[in-house]
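As the structure is a prediction and not an experimental result, all values here were calculated from the model. Values below: every heavy atom of this structure, side chains too, minus hydrogens, waters and symmetry copies.
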Amino acid sequence: MSFRRYFLIVPAVMVASTVRAITLEDYVDPNSTYENAYALGSFVMQNENYNRQPLTDNELATTIPQSSYDLNLSSNYRRVYSSLPLAWTYSGEIVGQLTQSPTRPLGTSESSSSNESLLAIFEGNYDRYLQSNPNVFWFGSGSLDFNSELDDPRAVVGGGVGYGRVINATPLAKALRVMEDFQRFSLLTAYPSDVVMMEIAQIINKEEEYESKYGSDEYRRVWYEAIETVLMGGGLINGDGLGALGVIKLDDVLNRELINAREHGWRAAAGVNYEFRDYDGSSGDKGLSLSFRYAKPYGYKGQLIEDVSFSRTLGGDGDTTLLNKLSYTYEVSDVVDWQNTWTLSLINSDVDNTTNDFSSSFFYEINNVLTFDITLNLLDSDSDNVDGVRSRMTTGIRYRLR
């Protein structure tokens, strides 16, 4: 073979190999279950001298500098179930805030400048797909919101039809992470083919099935043996099996390392809703709703999620709300994730309001349940009494409950 032909063939082989490389979007099994639960907290405190310095002479003559603080505590839970005939999701979030301003008017007490608030949001959604067309579904939904600064909780139910499906590809992402570690520690005799990789992902996806059948104390042994059998059957590990190091690395990835959900696909829905109770105590409002969700992984480490919802009240003032939430998460390393979120809120009611909220966070995984984060927030809102963009840098701790 001439050198010229050799240099033409090698790049072609490399390109073909790249084209055939498995991606998270190759995982199309609709059957999956996953849940996340976190508790988060952040605290900022500034003493009286720190708060005194930015004040003008006029402000010092009419106000009293004091120690200020901002305590934020929150917890959230989300569970997702998906199968060919149906999919459902329910979630909840509770956020509490305790603040004290850096100054207070002369003649007032410290308690007059402190504020407590509590916000709770609970949501659920149920999709039922048609047997004749597995992409068409009807849905039912409900939400309950509580805000301590408003008079009443808000309760809404709805239903409608939609098209599309979002697939959870996290099992394949975990399988790829396992093989990455196996390669690093030279545990593989060859890299798995796409077929073998998909088979391993299917086994990983059946964790709850293994736990239900063999019990929480025993299922991991059987679960890991199933993965080992696939690797040995493909001649990808030697005849002695995974060995102690292989089992340790398998357990590290599947049970100790936090791998964020990886999704792909899209889902669009349209329906009607009924408001049982609003924040002001009124009830009986009907409305129209539209929603769209798009998910796309970028490589093995990036994840884009786009959520858009539109709602309009029928009758009355015809209030309209448009909410767009775009997020991108990138796995910088095994222990560091970078998450960026932009939320746009447009409200057309008695008082029109446009809000842009951007956050960029680095999460450092201290261990499998504890994460340290640094977050930059940028906020611009029509209802804000501050001109321009407000910025804030916070640090916090996130504890993984499940």
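Surrounding OH of Y69 are more than 12 heavy atoms belonging to other residues, nucleotides or ligands, all under 6.0 Å away.
A salt bridge does not link K301 to D337: none of the charged side-chain nitrogens sits closer than 4.0 Å to a carboxylate oxygen. A salt bridge is defined here as a Lys NZ or Arg NE, NH1 or NH2 lying under 4.0 Å from an Asp or Glu carboxylate O, and R256 with D251 meets this definition. The pair R293-E306 fails the salt-bridge criterion, with no side-chain N (NZ, NE, NH1 or NH2) lying under 4.0 Å from an Asp/Glu carboxylate O. In summary, D334 and R184 engage in a salt bridge, as defined by a charged side-chain N under 4.0 Å from a carboxylate O. Salt bridge K286/E275: absent, no basic N to carboxylate O contact under 4.0 Å. Comment: E25 engages K296 in a salt bridge, judged by a side-chain N to carboxylate O separation of less than 4.0 angstrom. Look at K174 and E180 and you find no salt bridge, because none of the NZ, NE, NH1 or NH2 atoms lies under 4.0 Å from a carboxylate O. Salt bridge annotation for R221-E225: present, with a cationic side-chain nitrogen under 4.0 angstrom from a carboxylate oxygen. Electrostatic pairing of K213 and E207 does not count as a salt bridge here, judged by no charged N lying under 4.0 Å from a carboxylate O. Ion pair D127/R267 flagged as a salt bridge, since at least one NZ, NE, NH1 or NH2 atom sits closer than 4.0 Å to an Asp/Glu carboxylate oxygen.
G96 and L118 get closest at one heavy-atom pair: CA-CD1, 4.2 Å. Nearest heavy atoms, Y129 versus P134: CD2-O, 3.0 Å. Taking each heavy atom of T343 and L323 in turn, the nearest pair found is CG2-CD1, 3.7 Å. The minimum heavy-atom distance linking A269 with F139 is given by the pair CB-CE2, 3.8 Å.
Classified by interplanar angle (parallel below 30°, tilted 30° to 60°, perpendicular above 60°), the ring pair W88/Y81 is parallel. Aromatic ring pairs are classed by plane angle as parallel below 30°, tilted from 30° to 60° and perpendicular above 60°; the pair W266 and Y163 is tilted. Ring planes of Y330 and Y328: parallel class, angle under 30° (limits at 30 and 60°).
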